Amino acid sequence: MPLWPRLRRLYHEHEYARSEHDTTNEWLYPSRNCIWQQRLISKELLIFEVGTPRRTGVDFPALKGTKSRLGGMERTSEIGLPGLTEPEVMRHYVRLSQKNYAIDLGVYPLGSCTMKHNPRLNEKMARLPGFADIHPLQSENTVQGALELIDELADWICKLTGMPAVAMSPKAGAHGEMCGMMAIRAALDAKGADHKRRVLVPESAHGTNPATAVQCGFSIDSIPATDDGRVDMAALKAKLGDDVAGIMLTNPNTCGLFERDIIEIAELIHGVGGYFYCDGANFNALVGRVRPGDLGIDAMHLNLHKTFSTPHGGGGPGSGPTVLSDALSPYAPVPYVVKSNGTYRLVEDADSGDSFGRMTAFHGQMGMFTRALSYMLSHGSDGLKQATEDAVLNANYVQASLSDVMSPAFGGVCMHEALFDDSFLKGTGVETLDFAKAMIDEGYHPMTMYFPLVVHGAMLIEPTESESKAELDRFIDVMRGLALKAKSGEVDMFKQAPIYAPMRRLDETQAARKPVLRWRVPTTD
Ligand SMILES: *Cc1c(COP(=O)(O)O)cnc(C)c1O
């Protein structure tokens, strides 16, 4: 168990015993020798509640004899910022940081998110001043190294995917989807194929896929999944028609399964003049083993922040380079890097060719590019392939080790993530949500839950290749323990969880629908 949850536990076992399981007493009083541990599990006030505008953390001498040049525009009322001393500010933010769960603290089994270790070498490279301290508006002859890095990364991506071209500027997976679908839209428009506006989206596709298609002006037609979690080929064939613009398919799909019929799917879609968008966020399961270019794919994004190890979470940063087939590459967005006579330059002009335009202000996420290339070069082709194989092996190890006490959603081997449904909890009174909350008390971040939607009470676990067998064994032990507890009727423990966390159960629906994003001065009435 990582250090902080263990400390929380030690603290709580001590305090909890004293309070005789008084769970109405939400926050327990610290005993003097436990103050430090208590900080880890206690709520942290907002900085506005810690400080007060009536105080200041710095002392400036009053200005004498200066004349304002603001022409009467200067603020006359209080700005309302809290005043704190430097140590108060430091402690506030460090305490907050200690409440975070992090991949650097323990297993982070969120399926679909590929939370894997980010080798510190990548960080070192990304912080080199020649990459970190340059500005996108610098003249090209002063950033030749950075442009070369983008070009070399593009080359690696094309080789790994077996595709002829890549657009580097998209800044997230979903942004890459948008890039691919805009290229498809541009290709259809160039052919005058206005009637092609229907996009097929299998139920096992990621939720961002239909959202992207709609955003690009297409309508969605859903394809059901078979009992073994893959595209229902008969249903797909029944939906084919001249108005089909293409398909958006996730592979491996959100059930963690390889779409066995993918080559036939590509042929069928091409047969009606459509394009094949593949969501490649899960490339971590394929690198070095399968080249999307060999499968008939026209466009696919990669999540550098998943497969190629750059840190992500909390909504960013991301990088979603999108590979394009020969049919789509003329429509790629600007800017892109070209090399001529030994010099690199950025092509910025969208009007000179068929490019659909620009997606971002500049060339993309330089820091992510640097980390990803550093990861690729330090692994080499054999290392990348092994990482893929280990990711799949680890997921299957987890699935096999839990299959007698939990219920795998589908039979057979999985790819990089193991999917369970909630049938093993049937009749226990414990639900997927309770199970996930109980994991927090055991010192683990919960797995992805209730996704994919095609599986009841889904629990999606992605261990990634960066976990050792010992680490996986500890995780498996905890999961087995919880499954057995649920079955032995310890419902209360699950319903109370999490106990060892700064926040207990939240009204998550309310928090998502009506988030309180602004602190207001409390009024007394
Ligand atoms: C993560 C993910 C996405 C979205 O990527 P973002 O970078 O979060 O926009 C899309 N599809 C799949 C399958 C994913 O796992």
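Residue indices begin at 1 and follow the sequence shown. Whatever order the structure lists ligands and atoms in, that order sets their numbers, starting from 1. What you see is a predicted model; the values in this text were computed from it and never measured.
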*Should His301 be counted as touching ligand 1, given the test is an N or O pair under 3.5 Å?*
no
*Can you find an N or O of Gly173 that's nearer than 3.5 Å to an N or O of ligand 1?*
yes
_Arg358 atom CZ: more than 12 heavy-atom contacts under 6.0 Å_ = yes
*Name the closest protein heavy atom to atom 5 (O) of ligand 1, giving the residue it belongs to and the distance to 0.1 Å.*
Asn303 ND2, 3.0 Å
*Could you establish whether Gly320 and ligand 1 come within less than 4.0 Å of each other, counting only heavy atoms on the residue side?*
no
*Can you check whether His379 and Phe308 have ring centres sitting under 6.0 Å from each other?*
no
*asked:* Taking 4.0 angstrom as the limit and counting only heavy atoms of Thr250, give me the atoms of ligand 1 inside it, by number and element.
replied: 13 (C)
*asked:* Parallel, tilted or perpendicular, judged at 30° and 60°: which one describes the rings of Tyr101 and His445?
replied: tilted
_Modelled atom types, side-chain donor and acceptor of Glu462 and Ser112, under 3.5 Å_ = no
*Counting only heavy atoms, which portion of His312 has something under 4.0 Å from ligand 1: side chain, backbone, both, or neither?*
neither
*Which residue supplies the protein heavy atom nearest to atom 15 (O) of ligand 1, what is that atom called, and how far is it?*
Lys306 NZ, 2.7 Å
_Those atoms of ligand 1 less than 4.0 Å from some heavy atom in Thr208_ = 10 (C), 11 (N)
*Among Ile461, Thr464, Thr448, Leu460, the one residue meeting side chain to side chain contact (heavy atoms under 4.5 Å, CB included) with Leu110*: Thr448
*Hey, are Thr212 and Glu177 close enough side-chain-wise for a donor-acceptor pair under 3.5 Å?*
yes
*What atoms of ligand 1 come within less than 4.0 Å of a heavy atom belonging to Ala281?*
2 (C), 11 (N), 12 (C), 13 (C), 14 (C), 15 (O)
_Show the atoms of ligand 1 that are less than 4.0 angstrom away from any heavy atom in Glu177._
10 (C), 11 (N)
*Would a 4.0 Å cut-off, counted as strictly less than, catch a protein heavy atom around atom 8 (O) of ligand 1?*
no
*Derivation and outcome, side-chain contact (heavy atoms from CB on, under 4.5 Å), residues Val334 and Asp349*: CA-CA 7 Å; Val334 291; Asp349 180 8; over 6 Å; no
*Could you give me the CA-CA distance, side-chain angles and deciding distance for Glu123 and Arg371, then say whether side-chain contact (heavy atoms from CB on, under 4.5 Å) is met?*
CA-CA 7 Å; Glu123 288 305 317; Arg371 289 180 181 89; 2.7 Å; yes
*Going by atom types only, do Ser309 and Asn122 share a side-chain donor-acceptor pair under 3.5 Å?*
yes
*Consider every N or O of Ala174 and every N or O of ligand 1, then say whether any pair is closer than 3.5 Å.*
yes
*Any N or O on Asp279 sitting closer than 3.5 Å to an N or O of ligand 1?*
yes
*Considering the heavy atoms of Ala172, write down every atom of ligand 1 situated less than 4.0 Å from one of them.*
7 (O), 9 (O)
_Near-ring test Phe410/Phe420, centroid separation under 6.0 angstrom_ = no
*For atom 10 (C) of ligand 1, which of His305, His175, His206, Met178 has the closest heavy atom?*
His206
